[in-house]
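First comes the structure, then the notes that go with it.
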Amino acid sequence: MHPYIPHTSEEVKSMLSDIGVSSIDELFADIPESIKLKRHLNIHDPMSEFEVYKELKSLSEKNKTAVSFLGAGCYDHIIPVAVQHIISRSEFYTSYTPYQAEISQGTLQSIFEFQSLICELTGLDVSNASLYDGHTAASEASVMALNSVKKSDTILISEYLHPFTKQVLKTYFLGLDIFVVEVKGKDGKIDIDDLKSKISENVAGLIVQTPNFLGILEDLSEISKILKENKKVLIVSANPLSLSIFKNSKEWNADIAIGDLQPFGIPQYFGGPSAGYIAAKEDYLRKMPGRIVGQTIDKEGKRGFVLTLQAREQHIKRERATSNICSNQALMALASTVYISIMGKSGLKEIAKRSISASHYFESELTKIKAGKILHDQPYFNEFTFVFNKDAKSVLSELKKQGIFGGILLEPILGEKYKNAVLIATTEKRTKEEIDQYVKIVGGIL
Amino acid sequence: MTKLLSEISKNQRVGYILPKTDIPQLSIESIYHKNILAESDRQIPELSEVDVIRHFTELSKKNFGVDLGFYPLGSCTMKYNPKINEETAKFDGFLNIHPLQDESTIQGILELQYKLLKSLSEITGMKWGTLQPFAGAHGEFVGMKLFKAYFNAKGEKRTKLLVPDSAHGTNPASAHIAGFEVVEIKSDENGLVSIDEVKKHVGSDLAGLMLTNPNTLGLFEKNIIEIAKIVHDAGGLLYYDGANFNAILGKVRPGDMNFDVVHLNLHKTFSTPHGGGGPGSGPIMVNEKLIPFLPVPDIVFENNSYMLSYNKPQSIGRVSGFYGNIAVMVRAYTYILTMGQKGLNEVSEKAVLNANYLRVKLSKLIKIAYDTICKHEFVLTGKEIKEKYGVSTLDIAKRMLDYGVHPPTIYFPLIVPEALMIEPTETESKETLDYFVSIIESIIKDINENPEILHNAPNNTPIKRLDEVKAAKEPKLKW
């Protein structure tokens with residue numbers, strides 16, 4: 001007997017007899033003998049809950065946490081306890097995709113609210129129920145663009161797009177006749193001349209990230225104009241936290257907005273699960289991938305919600321589908337929805353502002369002690385790229401010894417151009433003492 | 001009707017207080033040029049913590065989950081989600097680590113992933129794999145990219161991918177977006193892949209075959225060895241869709257059936273919760289010849305420590321931003337530790353026992369599509385009922401809601417008209433199964449005596465039957 005498997009031996013006997021067989025083995029008689037596994041799986045013996053708890057606890061303790069200034073798309077923000085409380089309700093987490101709308105109104109309404117909030121933040125007309133993460137969202141947005149611009153086979157990407165997003169895109173289009181072409185950067189922003197030179201008939205659109213991978217906020221006014229003049233699709237990837245303070249996709253006149261929701265109430269969890277968002281202008285609705293929830297009424301005229309516009313999806317279109325997405329990161333989207341609700345209009349702004357004040361204070365303190373200088377003198381959000389005068393690797397290792405994860409070394413990710421450059425992120429969670437301590441340690445080894 | 005967040009919002013309400021800060025606070029306008037600043041305030045609801053908790057708690061009460069009752073959704077393996085999994089997944093050492101931390105500080109999570117891959121290799125009979133795919137469909141896509149990379153490396157241009165007509169919709173979609181031409185293979189009169197059909201498409205352009213075994217009818221593809229040989233002899237590869245793996249745990253392994261690439265659904269077979277649609281996890285396992293093409297980073301164990309390795313020149317590259325849905329892996333690993341070899345073996349035995357028990361009982365009430373021993377699931381057809389009484393499978397499903405169970409998967413697989421696809425899983429007791437049988441008996445009685453009650457169902461749910469046509473015709477997708 002096992003706690004998760006309730007059959008008593010008498011029940012097994014009576015069930016077998018109702019089926020008309022004499023043993024469980026007979027139920028597997030349709031599997032040819034030649035391929036049957038004739039030994040036990042080489043897996044350990046079952047463990048009790050108590051032992052499993054101890055084992056996993058000890059594994060978790062082999063990981064080290066510290067005061068963290070790591071970012072690059074995954075940040076150490078405060079998460080209100082209400083978020084975990086709600087997503088731990090088993091009515092939410094033990095349910096499946098809301099196929100049966102009448103008993104899934106909880107999931108469906110919360111997704112409708114999620115879509116509404118994403119539309120509000122990005123300023124665009126339609127959002128889906130979420131995607132795997134912000135990186136794969138870039139692939140899905142690219143496909144939307146390619147399907148919208150006739151005869152196109154090329155997606156332009158900014159040099160300062162997250163390098164992992166670039167890599168995911170490259171894999172996505174591997175072996176297809178689709179080209180992902182990089183537009184060069186200049187002083188931390190897209191090089192407009194290079195963009196102009198790369199726009200051609202074959203181009204579907206451009207993916208630009210702001211704040212970009214180096215933390216810099218790009219002014220997209222001219223980029224947007226150029227793309228519109230050439231009837232190309234503008235895809236803007238943004239940290240959703242920045243959208244309360246800075247221009248959103250609507251204000252940039254972009255067509256598709258994408259990003260990663262980790263900053264909104266989702267733990268870092270070694271990078272996942274998070275959730276990606278995707279929103280677009282109305283014209284792109286039928287090309288949107290994944291689940292979409294719509295409002296409707298029931299037989300008595302009461303408001304309710306259902307999965308809708310499913311004719312776009314793989315279970316209907318099969319090999320003619322433009323996306324194979326058949327799920328969403330529902331529970332993480334719910335976490336973000338609860339987070340946004342708890343933080344509210346003023347809270348989201350305040351968190352963004354505090355992150356900004358912290359990053360700017362930090363940069364000025366590091367500059368003050370002549371630890372180095374910011375890589376590009378450009379406006380930045382909650383993250384900045386700082387070039388240390390000293391070997392950055394040894395700076396980070398000294399910080400680590402003293403309980404601080406000091407930032408992300410960029411050279412191994414972006415190449416030699418980034419020698420001694422470190423991407424440093426701050427959130428509302430970092431205190432003045434922590435930043436001062438960081439600066440003091442760096443000062444001590446200059 | 002639960003009000004929307006926007007409808008309960010009140011100006012100036014707050015749900016959270018941020019900690020004090022000594023950092024000098026700057027004015028936004030003093031740092032940034034107005035060119036990049038938002039032109040207007042975002043209209044985000046303003047709520048108290050009480051508002052938020054009441055709102056979402058009320059919503060949760062309108063949701064049905066495995067913890068509330070029977071959820072026999074075919075091909076979805078809605079088994080019980082053990083609570084220990086939820087606890088171990090919340091350990092601080094997992095929750096609060098950053099994906100780009102120094103390797104010396106993430107040994108625990110790398111060890112867990114490494115050991116999980118080892119276990120999955122043994123369970124599937126494959127050599128190694130990747131845990132990065134976020135979902136089953138994502139795994140299929142990665143698997144198809146592996147096919148591509150493999151043929152590229154061999155300098156072969158193979159375009160045709162065979163997919164049975166009973167396959168999950170994601171199979172043809174994944175193959176298509178990965179750049180293959182999908183050829184649908186008709187099932188034979190027994191619901192199995194026809195060897196002759198496969199033979200018809202064999203040639204130098206054959207890339208391979210995607211197969212679910214047992215298939216979506218719950219039937220084991222007994223000819224798998226012969227089918228595999230035909231595909232392999234033609235130079236193609238075999239892909240195993242692991243959605244139905246719960247049926248064969250410890251009994252037969254895809255590796256021993258000669259599959260080259262396998263995906264598993266940790267959120268099905270390995271008990272992690274479905275979360276209302278995600279996050280899931282769809283690891284890909286491969287045999288020796290596909291290993292060089294696996295995504296980066298790989299997880300390796302060298303000199304007594306675990307490392308993320310990017311040293312894979314033939315790799316298809318990165319498939320997820322970081323490393324996949326880690327929290328789901330923690331839960332699945334917890335489950336494998338809990339179950340052990342003995343427990344996993346019992347899973348498939350009891351899952352198959354439950355399915356056959358229901359099959360025998362229910363096929364007396366509603367016609368079964370293929371009347372033979374099944375594995376973890378089986379499919380009924382409501383065709384005759386519809387023709388005779390005008391009651392559709394949708395009506396039957398909606399009526400089940402009134403009895404407090406989740407209906408089976410309906411209208412799938414596509415090859416069975418008015419299909420009801422039933423997968424009870426091993427975690428359900430005989431009483432629950434008997435209760436389900438009694439529900440179907442009552443429904444059949446209703447069909448005979450008062451079919452109107454089915455057309456109007458459900459009656460006991462928080463909301464009555466919803467107008468899906470209106471939703472699609474006049475899309476209202478935000479408040």
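Here is the naming used below: chain letters follow the sequence lines, and residue numbers restart at 1 for every chain. Note that the coordinates shown come from a computational prediction; the quantities given were computed from them, not determined experimentally.
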Answer key: most heavy-atom pairs under 4.5 Å with chain A among Leu219(B), Val330(B), Thr2(B) is Thr2(B)
If you measure only the distance, is there a donor-acceptor pair under 3.5 Å linking the side chains of His7(A) and Glu428(B)?
-> no
Under 4.5 Å heavy-atom distance to chain B, tell me which part of Thr322(A) shows up: side chain, backbone, both or neither.
-> backbone
Output the option from Glu49(B), Met257(B), Glu468(B), Met78(B) having the highest count of non-hydrogen pairs under 4.5 Å with chain A.
-> Met78(B)
Return the orientation label for the Tyr323(B) and Phe270(A) ring planes: parallel under 30°, perpendicular over 60°, tilted otherwise.
-> tilted
Is it the side chain or the backbone of Val126(A) that comes within 4.5 Å of chain B heavy atoms, both, or neither?
-> side chain
Side chains of Lys345(A) and Asp41(B) in contact at under 4.5 Å (non-hydrogen atoms) = yes
Pick from Glu433(A), Glu26(A), Arg354(A), His135(A) with the largest number of heavy-atom pairs that fall under 4.5 Å of chain B | Arg354(A)
Quick check: does any side chain N or O of Asn63(A) sit under 3.5 Å from a backbone N or O of Ile109(B), one acting as donor and the other as acceptor?
-> yes
Just by distance, do the side chain of Lys247(A) and the backbone of Asn35(B) share a donor-acceptor pair under 3.5 Å?
-> yes
Check Ala137(B) against Asn324(A) and note the closest heavy-atom contact, atom names and distance.
-> O-ND2, 2.9 Å
Can any side-chain N or O of Thr171(A) pair as donor or acceptor with the backbone N or O of Arg318(B) at less than 3.5 Å?
-> yes
Specify which of Asp45(A), Asp76(A), Asp219(A) makes the most heavy-atom pairs with chain B at under 4.5 Å.
-> Asp219(A)
From the list Ser6(B), Gly65(B), Ala38(B), the residue making the most non-hydrogen contacts under 4.5 Å with chain A is Ala38(B)
Answer with side chain, backbone, both or neither: which region of Ser104(A) has an atom nearer than 4.5 Å to a non-hydrogen atom of chain B?
-> both
Ring geometry between Tyr4(A) and Tyr80(B) (parallel below 30°, tilted from 30 to 60°, perpendicular above 60°) = tilted
Identify which part of Asn248(A) has an atom lying under 4.5 Å from any heavy atom of chain B, answering side chain, backbone, both or neither.
-> both
So, Phe164(A) versus Phe322(B), ring centres under 6.0 angstrom or not?
-> yes
Backbone N/O of Ile44(B) and side chain of Glu120(A): donor-acceptor pair under 3.5 Å = no
Given the options Asp256(B), Val163(B), Asp22(B), which has more heavy-atom pairs under 4.5 Å with chain A than any of the others?
-> Asp22(B)
Where is the tightest heavy-atom contact between Gly277(B) and Ser327(A), given as atom of each residue plus distance?
-> O-CB, 3.2 Å
Sequence-distant partners of Lys350(B), salt bridge (Lys or Arg N to Asp or Glu O under 4.0 Å), two or more places apart | Glu346(B)
Okay, side chain of Thr338(B), backbone of Met47(A): is any donor-acceptor separation there less than 3.5 Å?
-> no
Closest non-hydrogen atom pair, Ile177(B) against Ala321(A) | CG2-O, 4.0 Å
So what's closer than 4.5 Å to chain B heavy atoms on Ile24(A): side chain, backbone, both or neither?
-> side chain
Can a donor-acceptor pair be found between the side chains of Thr107(A) and Asn63(B) at a distance below 3.5 Å?
-> yes
Taking every heavy-atom pair that is under 4.5 Å apart, which of Ile224(B), Ile53(B), Asn345(B) has the most such pairs with chain A?
-> Ile53(B)
Identify the heavy atoms of Ser14(A) and Lys430(B) that sit nearest to each other, and give their distance.
-> OG-CE, 3.3 Å
Quick check: does any side chain N or O of Ser357(A) sit under 3.5 Å from a backbone N or O of Leu26(B), one acting as donor and the other as acceptor?
-> yes
Within 6.0 angstrom of Lys476(B) NZ, more than 12 heavy atoms from elsewhere = yes
Aromatic ring proximity Phe220(B)/Phe28(A), centre distance under 6.0 Å | no
Closest-packed option against chain B by number of heavy-atom pairs under 4.5 Å, given Ile103(A), Ile297(A), Thr97(A) | Ile103(A)
Side-chain donor-acceptor pair under 3.5 Å between Gln268(A) and His98(B), yes or no?
-> no
Is a side-chain donor or acceptor of Thr94(A) paired with a backbone partner of Val66(B) at a separation under 3.5 angstrom?
-> yes
Are any side-chain N or O atoms of Arg42(B) and backbone N or O atoms of Leu243(A), one a donor and one an acceptor, separated by less than 3.5 Å?
-> yes
Any donor and acceptor pair, going by atom type alone, linking the side chain of Lys432(A) with main-chain N or O of Thr21(B) inside 3.5 Å?
-> no
Chain B contact via Ile351(A) - which portion, at a heavy-atom distance below 4.5 Å = both
Main-chain N/O of Asn42(A) paired to Glu122(B) side chain as donor or acceptor, under 3.5 Å | yes
Out of Lys464(B), Arg465(B), Lys62(B), Lys398(B), which residue meets the side chain to side chain donor-acceptor pair (under 3.5 Å) rule with Glu102(A)?
-> Lys398(B)
Grab the two heavy atoms, one from Lys57(A) and one from Phe91(B), that are nearest each other, plus how far apart they are.
-> N-CE1, 3.4 Å
Are any of the side-chain heavy atoms of Pro19(B) and Thr431(A) separated by less than 4.5 Å?
-> no
Which atoms of Ser127(A) come close to chain B, meaning under 4.5 Å heavy atom to heavy atom: side chain ones, backbone ones, both, or neither?
-> neither
Can you tell if the side chain of Ile19(A) reaches within under 4.5 Å of the side chain of Leu353(B), non-hydrogen atoms only?
-> yes
Between Leu176(A) and Gly179(B), what is the shortest heavy-atom contact and its length?
-> CD2-CA, 3.3 Å
Chain B contact via Val293(A) - which portion, at a heavy-atom distance below 4.5 Å | backbone
At a heavy-atom separation under 4.5 Å, does Lys299(A) approach chain B through its side chain, its backbone, both, or neither?
-> both
Region of Arg291(A) in contact with chain B, defined by heavy-atom distances below 4.5 Å | neither
If you tally heavy-atom pairs under 4.5 Å against chain A, which of Asp92(B), Ile97(B), Val360(B) wins?
-> Ile97(B)
